[in-house]
Structures are given as structure tokens and as C-alpha cells.
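To find a chain, count down the sequence lines: A is the first, B the second, and so on, and within it residues start at 1. The structure presented is a predicted model; accordingly, all values stated were derived computationally and were not measured.
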2 protein chains.
Amino acid sequence: MGRRRNNGRFAMPLDRSVVLKAALEQLDEVGLDEFSTRKLAAALGVRVGALYWHYPSKQALLDAVAEHIAADAAAAPLPDGDWAERLAAIARAHRDAMLARRDGARVIACMSAPGPMAHAFFERLVGVLREAGLDAEGAASAGDVLTSYVNGFTVEEQARGLRRQSEAHRERLFGFGVSVVIAGLRPLVEG
Amino acid sequence: MGRRRNNGRFAMPLDRSVVLKAALEQLDEVGLDEFSTRKLAAALGVRVGALYWHYPSKQALLDAVAEHIAADAAAAPLPDGDWAERLAAIARAHRDAMLARRDGARVIACMSAPGPMAHAFFERLVGVLREAGLDAEGAASAGDVLTSYVNGFTVEEQARGLRRQSEAHRERLFGFGVSVVIAGLRPLVEG
DNA sequence: ACCTGAACACCGTTCAAGT
DNA sequence: ACCTGAACACCGTTCAAGT
């Protein structure tokens with residue numbers, strides 16, 4: 001009868017996915033700066049040390065959160081349409097996935113290494129650019145320009161500053177930036 | 001004779017600028033993740049509490065570091081040449097100023113609010129775009145695209161990933177991205 | 001296999017009291 | 001004006017021991 005309790009129920013043993021789920025909830029509640037393994041353990045009804053059975057470090061846990069965000073970005077549907085429309089859709093999915101979790105853009109920016117989902121996301125982007133006619137190196141470079149822009153914009157937007165601007169204005173500004181990058185890529189694709 | 005010692009010398013009272021200078025040194029030595037007010041106090045030969053006389057918080061200190069970086073970026077000389085060359089020079093100065101300090105790009109990304117130097121930097125960028133013929137809103141939007149790209153690229157470059165690529169390759173990739181953004185802006189300026 | 005208990009080596013911040 | 005001393009309320013991580 002010495003089983004661990006959580007929210008009044010006797011709990012199943014933890015596994016990586018329930019720890020990750022609780023981490024996502026804690027991140028949304030307190031933000032990245034206040035995110036702590038000790039609070040997370042308390043929310044799970046467990047002692048801190050228990051988490052280290054499932055994840056080797058706090059950073060590994062945050063990397064799993066980053067992968068979760070990347071998975072969302074990679075899972076968004078790709079519309080029919082020309083390469084420019086598809087690129088714009090990928091950029092929006094990328095930003096939306098980060099905005100969906102508190103400090104999501106900073107979690108992505110601070111991840112220690114891109115995981116399989118981050119690679120899948122980037123490969124889909126590269127795929128669109130290759131279909132548009134770029135070679136492997138050109139597509140990788142062009143993909144890097146777009147993702148760098150989206151990351152930079154969204155970190156700024158989510159962390160501060162743009163917060164006092166209306167959401168409509170931020171939306172317009174982002175759409176403008178995406179169209180600028182795509183316009184800059186156009187001569188490479190069609191040229 | 002109870003005066004504070006530092007490096008074997010009797011030290012002058014601290015002020016904001018010597019604390020900032022020591023903070024810049026500590027950042028370069030240990031990086032943002034290991035940066036702590038207690039180590040900083042030790043390096044200054046002082047107790048932790050003393051720092052809080054000069055800066056209200058660790059974040060305020062990091063904001064001062066961010067301002068220092070922004071000042072470097074704003075102070076870089078603007079070449080003669082057309083708007084595109086001037087924009088490219090600003091983008092390079094922006095990246096160089098962040099790369100000059102360990103984790104500089106993340107310090108900029110995590111600053112709580114842009115200070116006067118950050119504004120001065122951005123105003124210079126906007127000035128170039130206005131001289132090129134854009135109106136106030138267009139110049140601000142265009143300036144945002146470029147700075148977002150530079151921030152996103154440099155955070156990624158400095159934090160990880162691109163580290164295993166050669167510096168020459170990163171340089172080329174950055175130059176490519178800047179040229180893409182500028183090409184995307186060209187129709188707005190000249191159209 | 002999974003978790004507890006307890007420790008270790010740190011943190012940022014506050015503030016009365018000293019000089 | 002500027003700093004000390006000392007505390008407060010936390011951290012992330014490790015690991016023998018329990019079940």
C-alpha cells in the first residue's frame with residue numbers, strides 16, 4: 001500500500017511520455033525561466049531523483065519538448081500549389097508550432113541538438129525546394145535562410161517587444177517577412 | 001585596513017562600468033549557462049550582495065551586456081555605396097558584434113527589453129532604408145526582416161550545429177542569406 | 001525496473017548592520 | 001555611499017538503499 005499518489009489516484013509507474021506531457025504542461029504554466037525539475041517532480045507526485053531515471057538531465061527533457069514542437073511543425077499539412085505557397089505554409093507551421101507553447105521559440109533556440117523530428121521538418125522544406133529545381137546545396141542554403149528568419153522573428157515576438165503590438169500587426173509583419181524571403185529566393189528557383 | 005582586495009591590489013569602490021566589464025569577462029570565460037552573480041562577485045573580490053547595489057538583478061546585468069553588444073553593432077562604420085551595400089554591412093556588423101562575445105546572440109535574444117543602443121542600431125538601419133525611398137512603416141518592416149534573419153542565423157550558429165561546419169562555410173551561408181533578404185527587398189525599394 | 005531519502009554543491013535575492 | 005554577514009528559498013544532479 002505504499003504506492004505513490006497523484007491527484008488522489010494511485011499512479012502508474014512513470015515513463016518518458018508521461019514525464020514529457022507533464023513537462024509541456026509545466027512549461028505552459030510557468031514559462032522557461034521558472035521551469036524546474038523539482039516542480040515537475042512535485043506535479044507528478046514523485047521525488048526529483050525519479051525523473052533522472054527517465055531523462056538524464058533537465059536539458060534532455062527540454063530537448064524532448066523541442067522535438068515535440070518540431071513534430072507539430074513537421075506534421076502540418078502541405079497545401080497543393082507552387083513552391084512559394086508551400087514554403088509560406090511551412091514557415092507558418094513552423095511559427096505556429098513554436099507559438100503553441102509558452103517560450104516555444106526559445107526552447108527551440110536553446111535545444112542542444114536537432115533531433116529526428118527537427119530533421120524531418122527541415123527535410124520536408126528541402127524537399128519542396130528541390131522539387132522547385134534547386135540542387136542539394138542550394139536547397140539546404142535556402143531552407144536555412146527561411147528557418148533562420150522564422151526562428152529570429154518568433155523568438156523576438158514571443159519573448160517581448162512585439163507583445164505590445166496587436167496580433168494582427170504581428171501576423172502582417174510575419175507574412176511580409178516570409179514574402180520577402182521567398183521573393184529573394186525566386187530568381188534562384190526560376191532563374 | 002579592512003579594505004577589499006582584488007588580485008592583490010586594494011580596490012576602488014565598484015561602479016556599474018567595472019561590474020559590467022567583469023560580467024563581459026565572465027561571460028566569455030564560462031558562457032551564459034554557467035554565468036552566475038556569485039562567481040562574478042568572487043571575481044570582483046566582493047560579496048554577492050554588493051552587486052545588487054549597482055544592478056537590481058542578474059537580468060539587468062545581462063541587459064547591460066546586451067546593450068554593450070548593440071553599441072558595438074551600432075558603432076561599426078557605414079560604407080559609402082548604395083543601400084544594398086550599406087544593408088549588408090549593417091547585417092555583418094550585427095552578427096560580428098554578437099559573435100564577439102560567447103553566447104552573445106542568446107544574450108541579445110533573451111534581453112528583457114531593447115535599450116537605447118539597440119534602438120540606435122535599429123534606427124540607423126531604418127535610416128538607410130528610408131534614404132533608399134521606403135516610407136516609415138516600410139522601412140521598419142524591412143528592418144525587422146533583416147534583423148530577425150541575422151538573430152536567427154547567429155543564435156543557431158553560435159549555440160550549436162553549424163559549429164561543425166567550417167567558418168568559411170558559415171560565412172558563405174550567412175552572406176547568401178543576407179543577399180536573399182536584400183534581393184527580396186529590392187522590388188520594394190526600386191519598384 | 002523504478003523510486004525514495006538524503007545528501008552535495010550550488011543558485012538569485014534581500015536586508016539589517018557596519019564603515 | 002557602498003559593502004558585509006547572514007539568511008531565505010530555492011536549484012540540478014547523484015546514488016545507495018529500498019521495493
Side-chain angles (χ1 to χ4, degrees), chain A residues 1-24 26-27 29-66 103 106-107 110-112, chain B residues 1-24 26-27 29-66 103 106-107 110-112:
Chain A
M1 214 5 166
R3 306 249 348 249
R4 181 168 42 84
R5 276 172 151 280
N6 185 12
N7 290 344
R9 288 179 37 255
F10 292 103
M12 301 287 294
L14 258 38
D15 65 25
R16 287 174 67 89
S17 78
V18 348
V19 174
L20 172 57
K21 192 164 172 251
L24 288 163
Q26 211 218 167
L27 181 65
E29 273 167 34
V30 305
L32 184 56
D33 291 336
E34 310 295 332
F35 183 93
S36 91
T37 56
R38 300 184 95 106
K39 282 179 208 152
L40 183 56
L44 285 164
V46 114
R47 312 276 159 170
V48 223
L51 298 181
Y52 287 81
W53 179 263
H54 300 283
Y55 289 93
S57 67
K58 179 184 177 179
Q59 187 56 55
L61 199 37
L62 289 172
D63 286 349
V65 170
D103 295 326
R106 253 165 74 209
V107 171
C110 296
M111 72 191 173
S112 61
Chain B
M1 215 359 162
R3 304 246 353 246
R4 180 168 43 82
R5 277 172 151 280
N6 186 12
N7 290 345
R9 289 180 36 255
F10 293 102
M12 301 287 295
L14 258 38
D15 64 25
R16 289 174 64 89
S17 77
V18 350
V19 174
L20 172 58
K21 192 163 173 251
L24 289 164
Q26 213 219 166
L27 181 65
E29 273 168 35
V30 304
L32 185 55
D33 291 334
E34 310 296 330
F35 184 92
S36 91
T37 55
R38 300 184 94 108
K39 281 179 210 154
L40 182 56
L44 285 164
V46 113
R47 310 275 159 171
V48 220
L51 298 181
Y52 287 81
W53 179 263
H54 300 283
Y55 289 93
S57 67
K58 177 184 177 180
Q59 186 56 55
L61 197 38
L62 289 172
D63 286 349
V65 170
D103 294 326
R106 251 166 76 208
V107 171
C110 295
M111 73 190 172
S112 61

Answer yes or no: does a side-chain N or O of B/Y52 lie under 4.0 Å from OP1 or OP2 of C/dT14? no
Answer yes or no: is there a donor N or O on one side and an acceptor on the other, between the side chain of A/D63 and the main chain of A/A66, under 3.5 Å? no
How is B/F35 classified with respect to the nucleic acid when contacts are heavy atoms under 4.0 Å: base, sugar-phosphate, or nothing? sugar-phosphate
Would one find a side-chain N or O of A/K58 under 4.0 angstrom from OP1 or OP2 of D/dC11? no
Scan B/L40, B/L32, B/L61 and name whichever one has a side-chain contact (heavy atoms from CB on, under 4.5 Å) with B/L27. B/L32
Would you measure the distance from the C1' atom in D/dC8 across to the matching atom in C/dC11 and give it in whole Å? 12 Å
Rounded distance (Å) that lies between atom C1' of C/dT13 and atom CG of B/L61: 14 Å
Scan every strand shown for a Watson-Crick or G-U wobble partner of D/dA17, both distances under 3.5 Å, and answer none if you come up empty. none
note: A/D33, atom CG; C/dC11, atom C1'; distance rounded to Å ~ 14 Å
Whichever of B/R38 and B/G49 has the more 5' nearest nucleotide on DNA chain D, that residue is B/G49
Any donor-acceptor N/O pair, B/Y52 side chain to B/S57 backbone, under 3.5 Å: no
Respond yes when some side-chain nitrogen or oxygen of A/W53 is under 4.0 Å from OP1 or OP2 of C/dC2, and no when none is. yes
For the P atoms, the ones on C/dC10 and on D/dA9, what distance do you get once it is rounded to whole angstrom? 22 Å
Rounded to whole angstrom, note down the C1' distance from D/dC15 over to C/dC3. 12 Å
Minimum-distance nucleotide to A/T37 side chain [options: C/dC3, D/dG12, D/dT4]: D/dG12
Answer yes or no: does a side-chain N or O of B/R47 lie under 4.0 Å from OP1 or OP2 of D/dG5? yes
Output the rounded distance in Å from CD (A/E34) to P (D/dC11). 9 Å
When you check the phosphate oxygens OP1 and OP2 of C/dC3, does a side-chain N or O of A/H54 lie under 4.0 Å from one of them? yes
Checking N1-N3 plus N6-O4 or O6-N4 for Watson-Crick, or N1-O2 and O6-N3 for wobble, each under 3.5 Å, the partner of C/dG12 is D/dC8
In whole angstrom, give the distance that lies between atom CG of B/L51 and atom C1' of C/dT14. 13 Å
Value in whole Å for how far the P atom of C/dG12 lies from CG of B/L40: 10 Å
Figure out the CD/P separation between B/Q59 and C/dC11, and round it to whole Å. 17 Å
Between D/dT13, C/dG12, D/dG12, which nucleotide gets closest to the side-chain atoms of B/S36? C/dG12
Any carboxylate oxygen within less than 4.0 angstrom of a Lys/Arg side-chain nitrogen, looking at B/D15 and B/K21? no
For A/R106 against A/D33, the heavy-atom pair lying closest together: NH2-OD1, 2.6 Å
